[in-house]
**Student:** 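Pasting a structure below so you can have a look.
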Amino acid sequence: MDILLPIKIAARALRVNLMRSFLTMLGIMIGIGAVIIMVAVGTGATKQISDQIATMGSNLIIILPGSTTSSGAHSGMGSAPTLTFDDVKAIRSECPAVLRVAPEQRGTAQMVAANMNWSTGIIGTTPDFLLIRDWKIASGREMTENDVDMAQKVCILGATVAENLFGDEDPVGKQVRIKGVPFQVIGLLEAKGRSAQGTDQDDTAFLPVTTAQRKIIGNAFPGTVGPTLVQAVSEAKLTQAQEEILALLDQRHHVGANKERDYTVRNLSEILAVAQQSAKTMSMLLGAVASISLIVGGIGIMNIMLVSVTERTREIGIRMAIGAKERDILLQFLAEAVLLTMLGGFIGIVLGVAGAYTISGIFGWPTLISSQAIGLAVAFSSAIGIFFGFYPARKAAGLNPIDALRYE
Amino acid sequence: MNAIVRIEGITKVYQMGEETVHALRGVSLTVSQGEFVAIMGSSGSGKSTCMHILGCLDRPTSGQYVLDGVAVENMGKNELAEIRNKKLGFVFQGFNLLSRTSALDNVELPLVYGGMPPNKRRQCAMEALDMVGLGERAGHLSNQLSGGQQQRVAIARALAGNPALILADEPTGNLDSHMSEEIMDIFKNLNSKGKTIIMVTHEPDIAAHASRRITFKDGLIIDDTGPAVIPFPGAEA
Ligand SMILES: Nc1ncnc2c1ncn2[C@@H]1O[C@H](COP(=O)(O)OP(=O)(O)OP(=O)(O)O)[C@@H](O)[C@H]1O
Ligand SMILES: [Mg+2]
């Protein structure tokens with residue numbers, strides 16, 4: 001007999017029952033698609049954090065104003081204005097294991113140059129910041145200590161900002177207005193491209209932290225700074241640097257028996273390791289949710305395959321009455337189930353991959369397609385589809401034709 | 001005249017829990033080539049049960065059955081499927097067409113399972129549809145046809161494989177008298193061309209079209225008009 005015949009018969013039977021075929025496929029599609037998307041989001045988040053660790057370097061320490069203690073309701077890390085610019089300067093000059101210190105004051109502002117304008121992220125910081133980030137000046141000069149001390153109205157532009165304000169022209173020496181305040185552009189940064197998170201790193205302007213606080217971002221507590229990045233002289237000196245900072249700040253803040261620490265010092269790689277751990281937990285959670293949708297999809301397939309058995313049993317009876325052998329019936333239903341799951345699986349993969357990319361695009365979340373997840377999802381739903389498509393048919397094909405015909 | 005059907009002492013017992021139903025209690029019958037037999041009898045007398053056994057859709061509890069010279073009672077499932085496909089055409093009271101499937105596809109189906117190549121298949125199916133006067137409805141879906149038309153498609157399907165025997169269990173049971181007459185015309189026409197037909201009916205005027213009438217009662221044949229001397233002039237032996 002023609003080998004393709006069962007496939008042709010199956011394809012015809014699927015076409016005749018379009019709605020049922022579609023519903024069955026829908027279960028498979030949703031199950032597989034959901035698994036792919038969720039696992040992609042989960043692994044993407046984990047990978048993003050690994051990438052961050054790789055690019056940030058390991059000998060970094062971060063000082064956060066405010067504290068976390070076990071004693072209860074304190075203002076959270078990074079929120080209370082307890083760290084001053086003087087603290088920053090003291091750390092830089094008095095801690096031998098510390099190489100660089102860069103406080104950070106972030107905000108957004110509208111920048112205007114001639115008749116162009118551009119809204120961008122502003123970072124108020126010190127000259128050390130670009131050195132820690134290993135970010136080179138493409139033209140013009142770097143920020144100096146003097147710029148910071150005198151709160152000069154100067155700025156360094158990222159490539160995207162420069163391009164949007166000045167086009168191909170060299171912006172160095174030109175004037176820009178930030179929130180109406182005139183600034184001189186002293187430098188243009190090398191293009192860095194997109195970060196691991198997919199944000200454009202070049203869409204930023206850097207100002208002296210003092211200027212940013214006074215003129216642009218505003219600060220209810222003059223002289224205080226936000227989170228501060230510290231670079232130790234070497235990885236080996238990291239712990240020493242941390243201890244030196246603690247000792248110095250404790251002394252400066254009079255931390256003692258009746259005053260708790262009002263700042264937090266963290267080794268950045270520790271923070272990232274914790275973040276990575278929680279991202280892993282999240283991706284496991286997402287995976288669990290995805291497995292549930294896979295199981296629900298599987299139940300859907302099961303349901304529709306079993307429910308259609310009444311109608312199909314009569315159909316099997318008719319086919320047997322006019323001469324179909326048991327094997328013809330089995331091959332037809334096997335082919336139907338395989339076709340359905342293959343088609344549903346394929347569409348599910350396409351939907352899942354497209355969905356993952358869409359999520360990346362819309363929410364800016366990193367996603368990473370996992371071939372293992374695809375394989376597992378496809379194997380699981382195919383197994384269910386084939387088993388529940390085939391097993392009832394096998395039972396029906398074992399009946400006397402007249403019993404199959406009489407089946408209600 | 002060679003015998004198409006020869007059954008000997010056929011019984012069929014249904015076990016329904018405690019109760020045993022003797023649907024057939026020893027039926028013997030010989031039908032020759034070219035006969036047109038009508039089976040009558042009250043409801044529950046075992047007519048359908050007998051037809052299903054004749055049509056190899058069910059197995060007797062005991063007894064012998066020789067169909068077209070071949071003993072079938074000990075055949076395996078696959079051999080029986082082969083017999084149903086090649087030697088038998090069954091017409092049901094409820095039509096039993098594949099739903100949402102075109103008339104032509106329905107008629108082709110036995111030929112598909114018979115392994116006929118597609119071109120020849122199509123041709124045979126069209127011929128069968130023409131024979132029941134539905135050639136121009138070939139593309140219609142089975143559920144778009146009237147009851148009478150559906151039954152004609154079912155007859156075409158039974159005919160398509162050129163079987164030795166056509167079995168029809170109350171083929172006009174779901175049809176009005178006008179439709180019934182049309183169906184009977186088709187059967188008579190087929191019979192005049194030499195087809196052997198066994199048909200169950202409740203209506204005496206439908207049975208009157210047949211050349212031989214058999215009556216069932218309580219799982220036994222109680223009356224048989226016997227084979228006509230010459231069933232129809234011109235029937236080929
Ligand atoms: N699958 C079955 N299980 C149990 N009993 C059955 C089954 N099929 C038929 N019977 C019984 O066998 C007997 C004969 O039934 P059958 O269908 O052959 O009658 P019939 O002559 O065709 O009747 P009708 O004219 O109403 O169609 C009945 O008593 C019926 O109840
Ligand atoms: Mg009956």
Side-chain angles (χ1 to χ4, degrees), chain A residues 1-24 307-336 393-408, chain B residues 12 14 48-60 76-102 105-118 121 141-143 154 156-161 163 167 169:
Chain A
M1 199 176 76
D2 187 356
I3 306 170
L4 288 176
L5 192 63
I7 297 173
K8 284 184 200 153
I9 294 177
R12 184 177 300 180
L14 290 179
R15 230 181 311 127
V16 163
N17 297 294
L18 258 187
M19 195 57 184
R20 190 185 57 214
S21 310
F22 173 74
L23 286 176
T24 312
V307 161
S308 65
V309 101
T310 310
E311 182 192 337
R312 304 313 297 272
T313 302
R314 259 177 60 83
E315 180 196 322
I316 289 169
I318 295 174
R319 288 178 184 274
M320 289 200 294
I322 59 174
K325 298 190 173 74
E326 196 169 351
R327 192 196 55 186
D328 296 326
I329 303 288
L330 293 185
L331 285 179
Q332 174 193 339
F333 279 78
L334 189 64
E336 271 188 38
R394 218 192 66 164
K395 256 175 59 186
L399 296 173
N400 264 335
I402 195 66
D403 294 325
L405 275 170
R406 275 212 202 100
Y407 192 92
E408 291 295 328
Chain B
K12 180 74 183 178
Y14 291 110
S48 294
T49 307
C50 185
M51 289 295 272
H52 295 151
I53 289 168
L54 289 177
C56 295
L57 298 170
D58 205 354
R59 290 171 184 272
K77 279 182 159 188
N78 282 343
E79 288 168 294
L80 285 180
E82 191 82 31
I83 294 279
R84 287 195 295 270
N85 188 253
K86 295 282 191 301
K87 288 195 186 294
L88 295 166
F90 209 106
V91 178
F92 299 88
Q93 178 176 357
F95 321 141
N96 274 338
L97 298 177
L98 288 189
S99 56
R100 284 159 286 170
T101 303
S102 75
D105 284 346
N106 264 295
V107 177
E108 266 191 34
L109 208 55
L111 308 177
V112 170
Y113 288 120
M116 194 181 276
R121 201 157 80 199
L141 299 186
S142 53
N143 39 313
R157 181 178 67 185
L159 278 177
L167 297 162
D169 190 357

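Each chain gets a letter, A, B and so on, in the order its sequence line appears, and its residues count up from 1.
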**Student:** Can you pull every donor-acceptor pair closer than 3.5 Å across chain A and chain B?
**Tutor:**
unit_1	atom_1	unit_2	atom_2	d
Arg12(A)	NH1	Asp105(B)	OD1	3.4
Asn17(A)	OD1	Arg100(B)	NH1	2.9
Asn17(A)	OD1	Arg100(B)	NH2	3.3
Glu311(A)	OE2	Arg100(B)	NH2	2.9
Arg314(A)	NH1	Asn96(B)	OD1	3.2
Arg314(A)	NH2	Asn96(B)	OD1	3.0
Arg319(A)	NH1	Tyr113(B)	OH	2.8
Met320(A)	O	Arg84(B)	NE	2.8
Met320(A)	O	Arg84(B)	NH2	3.2
Ile322(A)	O	Asn85(B)	ND2	2.9
Lys325(A)	NZ	Glu82(B)	OE1	2.7
Gly398(A)	O	Lys77(B)	NZ	2.8
Asn400(A)	ND2	Asp58(B)	OD1	3.1
Ile402(A)	N	Leu57(B)	O	3.3

**Student:** Check Val112(B), Leu111(B), Leu109(B) against Ile322(A) for a side chain to side chain contact (heavy atoms under 4.5 Å, CB included) and give me the one that passes.
**Tutor:** Leu109(B)
**Student:** Which pair of heavy atoms, one from Ala324(A) and one from Ala81(B), lies closest together, and at what distance?
**Tutor:** O-CB, 3.8 Å
**Student:** Check whether Leu97(B) gets within reach of chain A through its side chain, its backbone, both or neither, counting any heavy atom under 4.5 Å.
**Tutor:**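 Answer is backbone: N, CA, C or O of Leu97(B) sit under 4.5 Å from chain A.
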**Student:** Any side-chain heavy-atom pair from Phe92(B) and Leu405(A) closer than 4.5 angstrom?
**Tutor:** yes
